[in-house]
Amino acid sequence: MKAAHYENYGAADVVKIRDMPRPEIGEGEVLVRSAAGTVTTADWRFRASAFPGALWLPGRLMAGPLAPRRKVLGSEFAGQVDSVGANVSRFKPGDRVFGMSPKFGAHAEYIAVPETGAIAHMPENLDFADAAALPFGAVCALVFLRDFAPVQPGQKVLVGGASGGVGVYGVQIAKHFGAEVTAVASARNHDLLQSLGADHVIDYRKQDVTRGGKEFDLVFDTAGTLKFGAVRRILKSDGIFLPLEFGIADAFAALWTSVFGGKKLLLRVNGDSQADLEAVRDLAASGAIRAIIDSRYQLADIVDAYRRVETRHKTGSVVIDMPAPSADAADA
Ligand SMILES: NC(=O)c1ccc[n+]([C@@H]2O[C@H](COP(=O)([O-])OP(=O)(O)OC[C@H]3O[C@@H](n4cnc5c(N)ncnc54)[C@H](OP(=O)(O)O)[C@@H]3O)[C@@H](O)[C@H]2O)c1
């Protein structure tokens with residue numbers, strides 16, 4: 001099978017397309033023939049060893065201190081079940097599934113996933129590209145806005161990086177929970193964000209969002225550009241700042257606010273569970289959220305996809321279309 005492989009951390013062109021053996025599945029595992037994947041900010045961070053702030057050292061240790069442990073990146077996938085291992089009961093060959101690979105490996109034509117992992121039947125109203133575009137951003141936004149800082153109807157929520165891979169779902173999910181949503185992004189993305197439900201839009205290039213005068217119950221920053229010291233100005237007295245990127249100073253500030261109360265800084269990292277993926281599937285099936293695709297690339301052009309992701313100005317997801325199954329029918 002074809003896979004996007006890299007040996008060493010570096011620029012996008014360290015990634016090369018190679019022929020590799022298909023993963024072998026064991027008991028309780030599902031082999032998926034991928035139709036579409038994505039390049040996420042996580043793939044870029046692991047490829048380039050570009051972990052933000054306080055996460056650099058743990059990120060590098062997890063990825064491999066000297067060279068990457070996982071040579072094929074990619075977490076999101078959508079495709080059809082090719083075969084199943086012993087004792088798999090939830091999935092059968094031919095099922096249309098999507099999800100997140102727990103140990104990367106999704107930049108390949110075949111992916112092995114545990115039956116109990118983040119894999120679910122696709123919503124019937126979505127195609128493979130849309131389904132592949134959902135898990136990373138939508139599961140993150142759901143867990144942050146439902147579990148870490150549960151959004152209540154009527155709350156005022158500001159989403160920073162609202163047009164990015166997580167932000168487009170942050171806007172839709174906060175709106176789904178009944179919030180009044182202010183979306184922060186470049187002006188060219190404002191029409192899209194309003195169509196996703198944003199009540200107000202701010203162009204961060206023209207206005208300092210922390211000096212708007214309005215107060216928020218929650219500021220969810222996915223872009224990594226807002227700092228607690230400034231965000232405090234626009235938080236209500238019991239408001240929460242929930243950033244996706246943070247440094248050492250933020251860890252101390254978060255500890256301080258957890259002890260002394262008042263305006264809070266919360267630092268969290270989400271996992272990828274089957275239950276959360278199914279919740280995202282149900283939101284997409286009901287029309288509460290929709291997938292946003294920035295651009296699509298063939299697997300052979302994945303280096304260009306990485307370059308697009310690294311701009312930090314993609315709108316939603318960068319999708320990778322896998323070669324059609326007939327192209328490798330005899331391949332193993
Ligand atoms: N903690 C966790 O568990 C967790 C989970 C998932 C992801 N993450 C992290 O979350 C972050 C967001 O991921 P993503 O995929 O959403 O990123 P992304 O798609 O690259 O985000 C792009 C967004 O950032 C905005 N942006 C770019 N430069 C900006 C600036 N100078 N000021 C304000 N906004 C700016 C863009 O706005 P315009 O293009 O409209 O200008 C766009 O809305 C990443 O760092 C990722 O590693 C963390």
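Both ligands and their constituent atoms are indexed starting at 1 by order of listing. Just so it is clear, the structure is predicted and the values come from calculations on it, not from any experiment.
Annotation: Phe51 is in aromatic contact with Phe46 [ring centroid separation under 6.0 Å].
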Go ahead and list the nitrogen or oxygen contacts between ligand 1 and the protein that come in under 3.5 Å, distances to 0.1 Å, or just say none.
| from | atom 1 | to | atom 2 | distance (Å) |
| --- | --- | --- | --- | --- |
| ligand 1 | 1 (N) | Arg268 | O | 3.3 |
| ligand 1 | 3 (O) | Asn270 | N | 3.0 |
| ligand 1 | 3 (O) | Asn270 | OD1 | 2.9 |
| ligand 1 | 13 (O) | Thr41 | OG1 | 3.3 |
| ligand 1 | 15 (O) | Thr41 | OG1 | 3.0 |
| ligand 1 | 15 (O) | Lys314 | NZ | 3.4 |
| ligand 1 | 16 (O) | Gly165 | N | 3.0 |
| ligand 1 | 16 (O) | Val166 | N | 2.8 |
| ligand 1 | 17 (O) | Arg312 | NH2 | 3.2 |
| ligand 1 | 19 (O) | Gly165 | N | 2.8 |
| ligand 1 | 19 (O) | Lys314 | NZ | 2.9 |
| ligand 1 | 20 (O) | Arg312 | NE | 2.7 |
| ligand 1 | 37 (O) | Ser163 | OG | 3.4 |
| ligand 1 | 39 (O) | Arg188 | NH2 | 3.1 |
| ligand 1 | 39 (O) | His313 | ND1 | 2.9 |
| ligand 1 | 40 (O) | Ser163 | OG | 2.8 |
| ligand 1 | 40 (O) | Ser186 | N | 2.9 |
| ligand 1 | 40 (O) | Ser186 | OG | 3.4 |
| ligand 1 | 40 (O) | Asn189 | ND2 | 2.9 |
| ligand 1 | 41 (O) | Ser186 | OG | 2.4 |
| ligand 1 | 41 (O) | Tyr204 | OH | 2.5 |
| ligand 1 | 41 (O) | Arg205 | NH2 | 3.4 |
| ligand 1 | 41 (O) | His313 | ND1 | 3.0 |
| ligand 1 | 43 (O) | Gly161 | O | 3.3 |
| ligand 1 | 43 (O) | Ser163 | N | 3.2 |
| ligand 1 | 43 (O) | Ser163 | OG | 2.6 |
| ligand 1 | 43 (O) | Gly164 | N | 3.2 |
| ligand 1 | 45 (O) | Arg45 | NE | 3.4 |
| ligand 1 | 45 (O) | Arg45 | NH2 | 2.6 |
| ligand 1 | 45 (O) | Glu245 | OE2 | 2.5 |
| ligand 1 | 47 (O) | Arg45 | NE | 2.9 |

Steps toward side-chain contact (heavy atoms from CB on, under 4.5 Å) verdict (Asp250, Leu267): CA-CA 8 Å; Asp250 298 309; Leu267 308 181; 4.0 Å; yes
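Ion pairing between Glu29 and Lys103 fails under the 4.0 Å rule for side-chain N and carboxylate O. A salt bridge links Glu7 with Arg18; the closest basic N to acidic carboxylate O contact falls under 4.0 Å.
More than 12 heavy atoms of other shown residues, nucleotides or ligands fall within 6.0 angstrom of atom NZ in Lys236.
Counting only residues at least two apart or on different chains, the side-chain hydrogen bond (donor to acceptor under 3.5 Å, both in side chains) pairs with a member in residues 141-154 are Arg146-Asp276.
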